[in-house]
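Presented below is the structure to which this report refers.
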Amino acid sequence: MMSQRNSDVSALVKAELTCAAENVPFTPGQARACTVREVLDRVGGKWSIGILVAASHGPVRFTELERHIEGISRRMLTLTLRNLERDGLLHRTVYPTVPPKVEYTATPMALELYESLVALTSWAERHRRAIAEARTRYDAQHAG
């Protein structure tokens with residue numbers, strides 16, 4: 001079985017360094033916009049919000065996150081945790097026990113983001129029924 005640290009993420013890193021579909025050189029403004037888009041994609045990702053909200057309440061273990069975040073696979077949880085750690089939003093602590101105990105905590109940067117994430121998830125909860133109804137109406141009008 002492959003450990004979390006032994007996966008080669010060089011392909012993922014290379015993919016994140018290019019924003020355009022083609023390998024076109026960026027002007028400084030384009031590179032900056034690309035970076036902002038990457039950050040928003042990361043923190044607004046399907047799994048990232050739940051992980052960051054959970055970690056903002058204090059140290060959280062992998063298995064706790066796995067139970068807390070409905071529908072996430074172990075592989076996707078591992079990749080998302082690694083990416084959030086790489087981006088400086090999570091701190092990973094490994095305790096030398098058998099089996100090893102690993103905890104994730106939100107960094108100060110992630111804690112600053114916490115209120116915005118809670119506002120976003122609250123908004124989604126408040127409007128999820130209205131959005132579902134709008135989708136149903138749209139699909140009925142555009143069927144066929």
Side-chain angles (χ1 to χ4, degrees), residues 1-139 142:
M1 186 166 163
M2 187 180 296
S3 76
Q4 181 178 4
R5 291 294 180 200
N6 290 337
S7 294
D8 180 18
V9 294
S10 59
L12 294 172
V13 172
K14 286 178 187 173
E16 291 177 1
L17 294 176
T18 57
C19 293
E22 313 85 35
N23 289 327
V24 178
F26 298 114
T27 66
Q30 287 172 321
R32 200 170 19 259
C34 174
T35 301
V36 169
R37 188 180 76 224
E38 288 176 0
V39 170
L40 292 175
D41 286 347
R42 174 82 73 227
V43 299
K46 182 176 183 177
W47 308 113
S48 297
I49 293 173
I51 291 169
L52 290 170
V53 168
S56 293
H57 295 293
V60 63
R61 296 185 63 185
F62 184 94
T63 53
E64 292 175 89
L65 289 168
E66 194 174 30
R67 283 191 304 267
H68 177 73
I69 300 170
E70 186 177 324
I72 194 167
S73 68
R74 292 181 72 84
R75 174 77 175 142
M76 187 52 63
L77 179 56
T78 298
L79 288 173
T80 306
L81 287 168
R82 187 177 304 141
N83 284 324
L84 291 170
E85 181 185 6
R86 180 174 176 255
D87 289 346
L89 296 167
L90 289 180
H91 177 74
R92 181 176 183 264
T93 304
V94 180
Y95 297 94
T97 60
V98 178
K101 176 182 172 184
V102 180
E103 289 183 335
Y104 296 89
T105 53
T107 64
M109 186 168 45
L111 292 173
E112 182 181 338
L113 179 61
Y114 175 75
E115 287 184 34
S116 298
L117 294 177
V118 169
L120 180 61
T121 55
S122 296
W123 176 89
E125 183 62 33
R126 282 193 312 276
H127 296 286
R128 68 186 173 97
R129 283 194 180 98
I131 290 170
E133 291 167 3
R135 287 177 180 174
T136 300
R137 282 192 306 275
Y138 179 91
D139 292 346
H142 294 89

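Each residue takes its place number in the sequence, starting with 1. The structure presented is a predicted model; accordingly, all values stated were derived computationally and were not measured.
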For His68 and Glu64, indicate whether the former's side chain and the latter's backbone hold a donor-acceptor pair under 3.5 Å.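 Not at all, since once roles are kept as given, no pair shorter than 3.5 Å links the two residues.
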
Between Thr78 (side chain) and Arg74 (backbone), is there a donor-acceptor pair under 3.5 Å?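 Such a contact is found between Thr78 side chain and Arg74 backbone.
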
Around Arg129, counting heavy atoms of other residues, nucleotides and ligands shown, do more than 12 lie under 6.0 Å from its CZ? no

Flag if over 12 foreign heavy atoms under 6.0 Å of CD, Glu66: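 Counting other residues, nucleotides and ligands, CD of Glu66 exceeds 12 neighbours.
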
Working to the nearest 0.5 angstrom, can you tell me the gap between [X] [atom1] and [Y] [atom2]?
X: Tyr104; Y: Leu65; atom1: OH; atom2: CG; result: 8.5 Å
X: Leu89; Y: Thr105; atom1: CG; atom2: OG1; result: 11.5 Å
X: Leu81; Y: Arg86; atom1: CG; atom2: CZ; result: 14.5 Å
X: Leu52; Y: Arg42; atom1: CG; atom2: CZ; result: 10.5 Å
X: Glu85; Y: Asn83; atom1: CD; atom2: CG; result: 10.0 Å
X: Arg61; Y: Tyr95; atom1: CZ; atom2: OH; result: 9.5 Å

Quick check: do Leu120 and Ile49 have side-chain heavy atoms less than 4.5 Å from each other? yes

Given side chains that start at C-beta, do those of Pro59 and Thr93 come closer than 4.5 Å, heavy atoms only? no

Between Lys101 and Glu103, does any side-chain N to carboxylate O distance fall below 4.0 Å?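 Glu103 and Lys101: salt-bridged.
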
Describe, in one word, how the ring planes of His127 and Trp123 are oriented to each other, choosing from parallel (under 30°), tilted (30 to 60°) and perpendicular (over 60°).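 Tilted: the ring planes of His127 and Trp123 meet at 30° to 60°.
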
Show the nearest heavy-atom pair for residues [X] and [Y], with the distance to one decimal.
X: Gly88; Y: Met109; value: O-CE, 3.2 Å
X: Thr80; Y: Ile51; value: CG2-CD1, 3.5 Å
X: Pro100; Y: Val94; value: CB-CG1, 4.4 Å
X: Trp47; Y: Glu70; value: CZ3-O, 3.4 Å
X: Leu111; Y: Ala106; value: CD2-CB, 3.8 Å
X: Gly50; Y: Ile69; value: C-CD1, 4.0 Å

Which of these, Val43, Val39, Val118, sits in a side-chain contact (heavy atoms from CB on, under 4.5 Å) with Leu113?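 Only one option passes, and that is Val43.
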
Working note: Val102 + Arg92, criterion side chain to side chain contact (heavy atoms under 4.5 Å, CB included); need CA distance, chi angles, decisive distance, verdict. CA-CA 7 Å; Val102 180; Arg92 181 176 183 264; 3.8 Å; yes

Could you please spell out the steps behind the side chain to side chain contact (heavy atoms under 4.5 Å, CB included) verdict for Arg67 and Phe62? CA-CA 9 Å; Arg67 283 191 304 267; Phe62 184 94; over 6 Å; no

